[in-house]
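Beneath this line is the structure, given in structure tokens, with notes to follow.
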Amino acid sequence: MTLKLTNTLSRRVEPFEPLVPGEVSIYCCGVTVYDLCHLGHARSYIAWDVLRRYLSWSGYRVTFVQNYTDIDDKILGRAAEEGSSMEAVSERNIEAFVADMARLNILPPDRMPRATRSLDAIRTLIEELEAKGAAYSADGDVYFAVMKHAGYGKLSGRDLAEQQDNAAGRVGTEEEARKQHPFDFALWKGAKPGEPSFPSPWGPGRPGWHIECSAMVREELGNTIDIHLGGADLIFPHHENEIAQSEAATGQQLARYWLHNGMVNVGGQKMSKSLGNFTTIRALLDSGVSPMTLRLFTLQAHYRKPLDFTAEALEAAATGWKGLNAALGLASTASAAPGATPELAAARARFTAAMDDDLNTSAALAVLFELAKPLRALANRLERGDTSAAAEATSPSLAAQGELLRELAGVLGLEPEAGDAAQAATEGPSTDEIQAQIEARQAAKAARNFAEADRIRDALKAQGIELIDRPGGVTEWLRN
RNA sequence: GGCGGCAUGGCCAAGUGGUAAGGCAGAGGAUUGCAAAUCCUUUACCCCCAGUUCGAAUCUGGGUGCCGCCUCCA
């Protein structure tokens with residue numbers, strides 16, 4: 001069985017075949033760096049990270065390019081607001097982006113081009129479009145003429161003739177008046193007084209949003225790439241325009257497969273910066289939600305479907321991850337085991353079949369949970385000091401199961417976490433104080449003064465210390 | 001108005017013709033002084049109507065509800 005992916009271009013699930021056997025070129029639309037990233041970005045980049053990991057695991061050599069849009073109106077607006085510069089805003093947010101992605105265990109792209117560093121490629125592309133009659137300039141701006149490009153609308157299923165009437169309501173601004181067709185879009189924007197600008201044959205200005213991606217794709221990966229990624233909200237106009245520009249210039253297909261992820265919703269509405277209903281990645285992680293919990297949360301749904309973000313769903317993911325993590329923790333200590341049993345081979349096959357089916361991570365996770373179940377149970381028995389469990393843990397078949405679990409979890413980017421006990425240990429009561437309290441509680445219990453024993457337990461809990469009574473009168477504790 | 005998508009148990013979510021994966025929550029049991037934690041067991045006929053079929057959550061037609069895009073957006 002081979003990988004099948006939903007191609008937005010055909011609106012169908014198609015078998016994936018790269019242009020060059022064994023190699024895959026991928027371009028992923030990155031972020032406009034005017035602010036911190038939120039959970040919508042996390043969902044998107046986690047999904048594509050899994051695609052990338054799965055392709056690599058399947059034996060492909062993957063080249064993954066993702067851009068930074070580091071010049072646009074919002075960055076300029078932010079810079080003006082805080083009295084800094086475009087560069088300062090961009091640099092700060094790029095740094096934050098890199099850190100956030102790393103925390104989520106998202107592999108860094110092979111190359112991360114920036115619009116401001118790709119100006120030669122951008123200007124060249126615009127000149128080519130002008131030479132071919134696909135672009136026209138007006139008052140220092142340069143626009144792409146959608147009417148000149150047969151096939152405009154093929155990605156988003158729009159028909160120019162029908163759409164013109166609907167767009168008519170928006171005509172009226174100064175810019176609209178300069179356009180030959182309402183759907184024409186800026187390739188180059190002339191600079192207004194005081195704005196940062198770059199020189200060009202059309203006067204000082206800056207590139208439009210869409211052209212940078214077309215230019216960077218070509219510069220980094222060539223005229224035709226295998227896979228182009230992005231959020232569903234980019235289908236129109238961004239990706240539609242990218243196709244128009246690139247294909248008008250090169251005469252070749254821009255991308256063979258277009259993949260789009262569904263939005264993250266809050267209360268049934270799309271999470272977005274403009275609506276203000278967003279939670280940033282770092283705010284969520286800093287609030288104590290583990291990166292792997294967030295990963296598990298997003299991977300439990302199919303990447304194309306909308307994902308509703310709720311506290312309850314996140315909590316369910318956290319509990320689910322706790323169990324998976326326990327199993328992975330045990331698996332990492334198990335010794336290597338040769339050979340796979342028929343059961344393990346079947347589990348591997350089910351995982352692969354799920355992933356081949358348009359990255360069905362939800363079904364793939366079911367395989368992980370099933371593999372994890374006996375390991376988790378054993379891990380917990382070991383933790384209790386069950387001596388017979390120690391012998392079982394060394395069984396070759398269980399070790400092999402653990403190894404498979406770790407391997408498959410790794411394909412989803414799920415890796416065991418040690419927890420942040422060490423970090424938390426600097427807060428709250430000291431180990432000695434806790435130990436003294438536990439002894440006081442033991443004494444109370446021995447005297448059958450359960451009210452006092454419970455009071456001590458509750459008091460410690462209020463300080464973030466949880467007591468765990470083990471068989472044999474042993475009491476352990478955990479910091480929360 | 002145009003284009004696209006979705007509707008499965010208390011919640012999240014797989015499943016695209018043969019009698020419903022998985023996670024969370026809940027229930028019962030083990031354990032406990034009682035709890036917590038842990039372990040074991042356990043819980044659905046799939047939005048509505050009409051068709052096709054030996055057989056449909058899965059196909060067709062109609063309806064209802066919800067979401068995204070059409071302006072910056074992952």
Side-chain angles (χ1 to χ4, degrees), chain A residues 8 11 28-32 34-35 37-48 69 72-74 77 153 156-159 162-163 165-167 169-170 173 182-183 209 229-238 240 260-265 268-275 278 296-297 299-302 304-308 310 312-324 326 350 354 357 360-370 372-373 376-381 383-384 386 444-446 448-451 453-454 457-458 461 466-471 473 476 478:
Chain A
T8 306
R11 292 191 191 78
C28 178
C29 274
V31 286
T32 300
Y34 74 96
D35 204 349
C37 286
H38 58 63
L39 299 180
H41 301 102
R43 197 265 173 109
S44 182
Y45 296 130
I46 287 170
W48 306 141
T69 296
D72 104 318
D73 290 342
K74 287 185 175 164
S156 57
R158 266 154 241 265
D159 182 80
E162 283 177 17
Q163 298 288 319
D165 296 337
N166 297 324
R170 289 203 311 277
T173 66
F183 275 19
W209 176 36
L229 305 170
D233 51 358
L234 297 184
I235 294 171
F236 189 90
H238 185 54
E240 192 70 70
H260 292 99
N261 64 275
M263 301 293 100
V264 170
N265 289 171
Q269 266 200 319
K270 176 183 163 184
M271 177 179 286
S272 74
K273 291 180 186 174
S274 48
L275 282 173
F278 62 91
L296 181 64
F297 169 68
L299 294 177
Q300 276 184 307
H302 187 87
R304 301 187 66 241
K305 286 197 175 181
L307 176 65
D308 219 34
T310 64
E312 296 74 34
L314 198 65
E315 209 167 298
T319 312
W321 169 246
K322 197 175 154 199
L324 215 45
R350 278 202 296 141
D357 183 16
N360 189 341
T361 51
S362 186
L365 279 170
V367 177
L368 296 196
F369 277 108
E370 282 163 21
K373 196 171 184 182
R376 181 180 56 183
L378 192 61
N380 283 310
R381 281 169 58 204
E383 201 188 328
R384 283 168 170 237
D386 185 333
K445 279 170 71 175
R448 301 198 65 77
N449 184 356
F450 297 123
D454 289 350
R457 185 169 62 195
D458 291 345
K461 190 167 189 178
E466 191 175 353
L467 298 189
I468 302 165
D469 287 337
R470 301 289 190 205
E476 293 175 7
L478 289 172

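Chain letters run A, B, ... following the sequence lines, proteins first and then strands; every chain starts at 1. Quick caveat, the model's predicted, so the values are computed rather than measured.
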(message) If I pick the P atom on B/C46 and the same atom on B/G9, what distance separates them, to the nearest angstrom?
(response) 9 Å
(message) Looking at A/R43 and A/G262, would you say the former's side chain and the latter's main chain have a donor-acceptor pair under 3.5 Å?
(response) yes
(request) Would you classify A/H302 as touching base, sugar-phosphate or nothing, given that sugar-phosphate means primed atoms plus P, OP1 and OP2, and contacts are heavy atoms under 4.0 Å? (result) sugar-phosphate
(request) Rounded off to whole Å, could you give me the NZ-to-P distance for the A/K445 and B/A35 pair? (result) 13 Å
(message) Over all strands shown, is A/I468 touching base, sugar-phosphate only, or nothing at heavy-atom distances under 4.0 angstrom?
(response) base
(request) For B/G26 and B/A21, measure between their P atoms and round to the nearest Å. (result) 22 Å
(request) Using only heavy-atom distances, decide whether a donor-acceptor pair under 3.5 angstrom links the side-chain of A/D469 to the base of B/A35. (result) yes
(request) Sequence neighbours left out, what passes side-chain contact (heavy atoms from CB on, under 4.5 Å) with A/T310? Give chain and number order. (result) A/D308, A/E312, A/A313
(message) Counting the atoms with a prime plus P, OP1 and OP2 as sugar-phosphate, which does A/F369 contact under 4.0 Å by heavy atoms, base, sugar-phosphate, or nothing?
(response) sugar-phosphate
(message) When the C1' atoms of B/C39 and B/G5 are compared, how many Å lie between them, rounded to an integer?
(response) 43 Å
(request) Determine the contact category for A/S156: base if any of its heavy atoms lies under 4.0 Å from a base atom, sugar-phosphate if only primed atoms, P, OP1 or OP2 are that close, otherwise nothing. (result) sugar-phosphate
(request) May I ask you to verify if any side-chain N or O of A/K305 is less than 4.0 angstrom from the OP1 or OP2 atom of B/A14? (result) yes
(message) Distance check needed: B/C6 C1' versus A/N265 CG, whole Å only.
(response) 11 Å
(request) Calculate the interatomic distance between A/L467 atom CG and B/U32 atom P; express it in whole Å. (result) 17 Å
(request) Give a yes or no on whether a donor-acceptor pair under 3.5 Å exists between the nucleobase atoms of B/A36, that is its base, and the side chain of A/R457. (result) no
(message) By the 4.0 Å heavy-atom rule, please label A/R11 as base, sugar-phosphate, or nothing.
(response) sugar-phosphate
(message) With a 4.0 Å cutoff (strictly under), does any side-chain N or O of A/K322 reach OP1 or OP2 of B/U38?
(response) yes
(message) Can you confirm whether the side chains of A/T8 and A/H260 place a donor and an acceptor under 3.5 Å from each other?
(response) yes
(request) Check the angle between the aromatic planes of A/Y45 and A/H41 and answer parallel, tilted or perpendicular using the 30° and 60° thresholds. (result) parallel
(request) Give the rounded distance in Å between these two atoms: CZ of A/F236 and P of B/A74. (result) 17 Å
(message) When you measure from the side-chain N and O atoms of A/N360 to the phosphate of B/G15, is any distance below 4.0 Å, counting only OP1 and OP2?
(response) yes
(request) Tell me, please, which residues at least two apart from A/P237 pass side-chain contact (heavy atoms from CB on, under 4.5 Å). (result) A/H210, A/N241
(message) Measuring only the P atom in each nucleotide, how far is B/G4 from B/G62? A whole number of Å is fine.
(response) 14 Å
